[in-house]
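Step one of this worksheet: look at the structure below.
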Amino acid sequence: MGNLFANYGEAVAMILFVIGFANLLLHKNLIKKIIGLNIMDSAIYLFLAQKGYIAGRGVPIVTDGVQSVEAYINPIPSGLVLTGIVVSVSVSALMLSLTIRLYRRYHTLDLDEISTLLKKEGV
Amino acid sequence: MEFIRNFPFFSIMLSMFGGIVSPVLPERAAKWVNRAIITVVGALSLALLLYLLETGESYVYMMGHFPAPWGNEIRAGVLEAGMALFFCIIMLLSMLGGAHKLLTEVAAEKQNLYYILVNLLLSSLLALVYTNDIFTAYVFVEINTITACGLIMIRETGRTIEAAVRYMIMSLLGSGLLLLGLCVLYDLTGHLLMSNMREQVAYLAANDLYAMPLLVTIGLISSGLAIKSALFPFHAWLPDAYGYSTASSAAMLSSLVSKGYIFLLVKLIYRVYGFEVFHDSHIVNVLFVFGLMGMIFGSLSAIRENDIRRMVAFSSVAQIGYIFMGIGMGTQVAMVAGVFHILSHAATKSLLFISAAGLTDVSGGSRRFEDLTGAGYRDPWAGAAFTAGALSMVGVPLFSGFISKLLFAQAAVQNSGKMLPALIVLGISTILNAVYFMKTVIRLYTRVGAAEKSGRQFAGRKLYVAALIGFMILNVVLGVNSQPIVDMIGQGLGMFA
C-alpha cells in the first residue's frame with residue numbers, strides 16, 4: 001500500500017489506462033470508443049513522463065554552460081512520448097474519418113446497430 | 001564494411017520512397033513501380049540471404065553511425081533475410097493474382113492509393129523483420145495497422161468500412177497493451193535496443209529482481225501481439241475483414257500482416273527475453289491453451305460458414321492457433337515448427353484467397369456454396385489451385401501443410417507435459433479441416449448440367465494464372481524440399497540468441 005502512494009503517478013496512469021481500455025473495448029458508441037483510445041494512450045504517456053522525471057532536476061536543455069548529467073532529467077522518455085503522440089494523433093484521425101464514413105451511410109454511431117443494418121442489407 | 005550489409009536499409013527505404021512517389025504517378029506507372037520495388041527488394045533479400053548463409057553469422061547495422069546505447073540499429077541474420085525474401089514473393093504473387101479484381105473492385109481514382117498502401121505495408125513489414133530497437137518496432141507496428149486498415153476499406157462498401165472499424169478497434173487495444181509492455185520493459189532495463197535489453201533481462205532474471213514486473217511485461221507484450229494477429233478469442237473482426245476486402249488485400253492481410261506481428265513476437269522472445277526466461281514464465285501455457293482452442297473453434301466456425309471467402313478466413317483463425325501452439329509448447333523444436341508454419345500458412349492461405357476470387361467470378365460473383373457447384377470445371381486453373389491449397393491445409397504429403405503438421409507432431413512427442421493435448425487437438429483439427437475443405441472441393445467438382453465447358457482458359461488472365469502456378473510451385477517446394485528450409489530456420493533462431 002505504501003508503494004502505491006509513493007508511486008502515485010504510475011498508479012494513476014495504470015488506472016487511466018484501464019479506464020481507456022475498457023471504454024475502447026466495451027462502449028458501443030464510436031466517438032466514445034475514440035475518446036477511450038485517447039485516454040488509454042495518454043495514460044501511457046503519463047506513465048512514461050513519470051518514469052523519465054527525476055525530482056529536483058531541470059529540463060534537459062543545456063543552459064548557463066551546465067554540462068553535468070546530474071542537472072537534468074532523462075530525456076529519452078520525453079522523446080518516446082513525442083513519437084507516441086504523433087502515432088496516436090494519426091490513428092485517432094483515421095478512426096474519426098472512418099466514423100464519419102459510417103455515419104454518412106447509416107446515420108448512427110452505434111456499432112452494433114450498424115452490424116444489424118448490414119445484415120439486413122445482406123450484401 | 002561490405003556493401004551488401006546496407007541491403008536491409010536499402011530495402012526499407014526503397015519501399016518507403018515507393019509509397020511516397022506513388023500518388024503523383026499515373027496509375028499504370030504506379031502499378032509497375034510497385035511490382036518493380038517488390039521484385040528488387042526480393043532480389044536484395046535473396047542476395048543478403050546467400051551472403052549470410054556463406055558467412056554463417058548475423059550482423060548489426062548502425063543507423064546514422066551512432067554507437068550502441070544511443071543509435072538506432074538494424075539487425076540481419078539468416079531468418080530475417082529469409083523472411084524478407086518470402087514476404088516479397090508472397091506479396092508479388094498476391095498483387096499479380098489480384099490485379100484484375102483490383103480494377104473492378106476499387107474505384108479508378110483510388111488505384112494509386114492502393115499502391116501507396118502496398119509499398120508502405122512492405123516497408124513496415126521489412127522494418128518489423130529487421131529492426132533491433134523496440135520503439136521503432138512499435139512505430140512500424142502502428143504503420144502496419146494503418147496500412148492494413150486501408151487495404152481493407154479501399155474497396156468501399158458498408159461491410160468493409162465496418163470491418164475496418166472493428167479491425168482498428170481490436171488492433172488499437174493490442175497496440176495499447178504492447179506499448180505499455182514495452183514502456184514498462186524500458187523502465188526495467190533502461191535500454192531500447194534489443195541486445196542491451198537482453199543483458200539486463202538476463203541480469204534481472206539471474207538475481208531474481210523485479211520478477212513480477214518482468215512477468216507482467218511478458219504478458220502484456222504477448223497478449224498485445226496475440227490480439228493483433230487474431231489469436232482465437234480476439235478474432236471477431238477477422239472474417240469480415242478478410243471476407244469482403246478485395247482479393248489481393250485478403251491474401252496479404254492473412255499471410256503477411258498477421259505474420260509480421262507473430263514474427264516480432266518470436267523476435268522479442270529470443271532477442272529480448274531470451275528463450276529460457278520466456279519459457280519459465282507461465283505465459284507460454286496461456287498461449288498454448290488459446291492456440292489449441294483457436295485450432296478447434298476456428299475450424300468449427302469454418303464448417304458452419306456458407307460463404308467461401310469467410311470460410312477461408314475462419315480457417316486462418318485455426319492456423320494462427322497452430323502457430324501459437326508451436327510458440328506455446330516452449331521447446332526449440334516447436335518454435336521451429338511454428339516459424340515453418342508461418343511460411344507454410346502464408347503460402348497456402350494467399351493461394352486460397354486468390355483462387356477463391358477466380359471461382360466466385362465464374363459463379364456470377366456469388367460466394368455461396370450452392371452457386372459455386374461445378375465452378376472447378378468453369379475455371380479449371382482456379383479450381384486446381386483451390387484444390388492444391390485445400391490439400392495443403394488438410395496436410396496431404398507433397399504439400400507444405402503436411403510438413404508443418406509433421407513438425408508440430410514431432411515437437412509434441414518430445415514435450416512430455418503437453419504431448420497429449422497437442423496431439424489430440426492436432427488430430428481433431430486435421431479432421432475438421434478435412435471436413436470443410438474437402439466438402440468445398442467436392443462441391444467445386446460436382447457437375448451441374450452438361451454445358452459447363454467455358455472458354456475461360458488463358459485469355460486476358462495470364463497474370464492470374466501465372467500467380468496461381470507460382471503459388472502452387474511455392475507450396476510444393478515448401479512441401480518437398482523442406483529440410484534445407486527447416487535447417488535454415490533452426491540456424492536463424494540460433495543466431496537470434
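When reading the values below, keep in mind they use all heavy atoms of this one structure, side chains included, and skip hydrogens, waters and symmetry mates. Reminder, nothing fancy here: chain letters follow the sequence lines and each chain counts from 1. Keep in mind that what you see is a predicted model, and the values were worked out from it rather than measured.
To the nearest 0.5 angstrom, A/I76 atom CD1 is 11.5 Å from B/F135 atom CZ. Taking CE of A/M95 as the start and SG of B/C149 as the end, the distance is 8.5 Å to the nearest 0.5 Å. Put simply, CZ on A/R101 and CD on B/E162 are 15.5 Å apart, with the number rounded to the nearest 0.5 Å.
Contact of B/I143 with chain A is not made at all, since no heavy-atom distance falls under 4.5 Å. Using a 4.5 Å cut-off between heavy atoms, A/L37 contacts chain B through its side chain alone, with no backbone atom that close. With a threshold of 4.5 angstrom between heavy atoms, A/L25 approaches chain B through its backbone and through its side chain. Proximity to chain A is limited to the side chain of B/E142, based on heavy atoms less than 4.5 angstrom apart. Interface residue A/F21: backbone and side-chain heavy atoms are both found under 4.5 Å from chain B. For A/L98, the parts lying near chain B are the backbone and the side chain together; criterion is any non-hydrogen pair under 4.5 Å. A/L80 touches chain B through backbone and side chain together, each having a heavy atom under 4.5 Å away. Neither the backbone nor the side chain of A/S88 comes within less than 4.5 Å of any heavy atom of chain B. Heavy atoms of A/L30 lying under 4.5 Å from chain B belong exclusively to its side chain.
Within residues 224-243 of chain B, no residue approaches chain A closer than 4.5 Å by heavy atoms.
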* Run the numbers on A/V91 and B/M168 for side chain to side chain contact (heavy atoms under 4.5 Å, CB included), then give the verdict. => CA-CA 9 Å; A/V91 171; B/M168 278 308 273; 4.0 Å; yes

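Listed here is the closest heavy atom pair of B/G158 and A/Y106: CA-OH, 3.1 Å. In plain terms, the two heavy atoms of A/I44 and B/G176 that are nearest each other are CD1-O, 3.5 Å.
Judged as a side chain to side chain contact (heavy atoms under 4.5 Å, CB included), and not counting sequence neighbours, the contacts of B/P213 are B/L188, B/Y210.
Counted within 6.0 Å of CZ on B/F290, heavy atoms from surrounding residues, nucleotides or ligands total 12 or fewer; the atom is thus considered open. The local environment of NZ in B/K110 is crowded, with over 12 non-hydrogen atoms from other residues, nucleotides or ligands closer than 6.0 Å. More than 12 heavy atoms of other shown residues, nucleotides or ligands fall within 6.0 angstrom of atom CG in A/D112.
Two residues are said to be in side-chain contact when any heavy atoms from C-beta on lie closer than 4.5 Å; A/L111 and B/I169 meet this criterion. For the pair B/L177/A/F17, a side-chain contact is recorded, criterion being any heavy-atom separation below 4.5 Å from C-beta on. Inter-residue side-chain proximity for B/Y138 and A/T83 is flagged as unmet; no heavy-atom pair is nearer than 4.5 Å. In this structure, the side chains of B/L179 and A/F47 stay at 4.5 Å or more apart for every pair of heavy atoms. Side-chain contact between A/K33 and B/L172: absent, with no pair of heavy atoms (C-beta onward) separated by less than 4.5 Å.
Comparing A/A43, A/G20, A/S115, A/S90 by how many heavy-atom pairs each has under 4.5 Å with chain B, the most go to A/S115.
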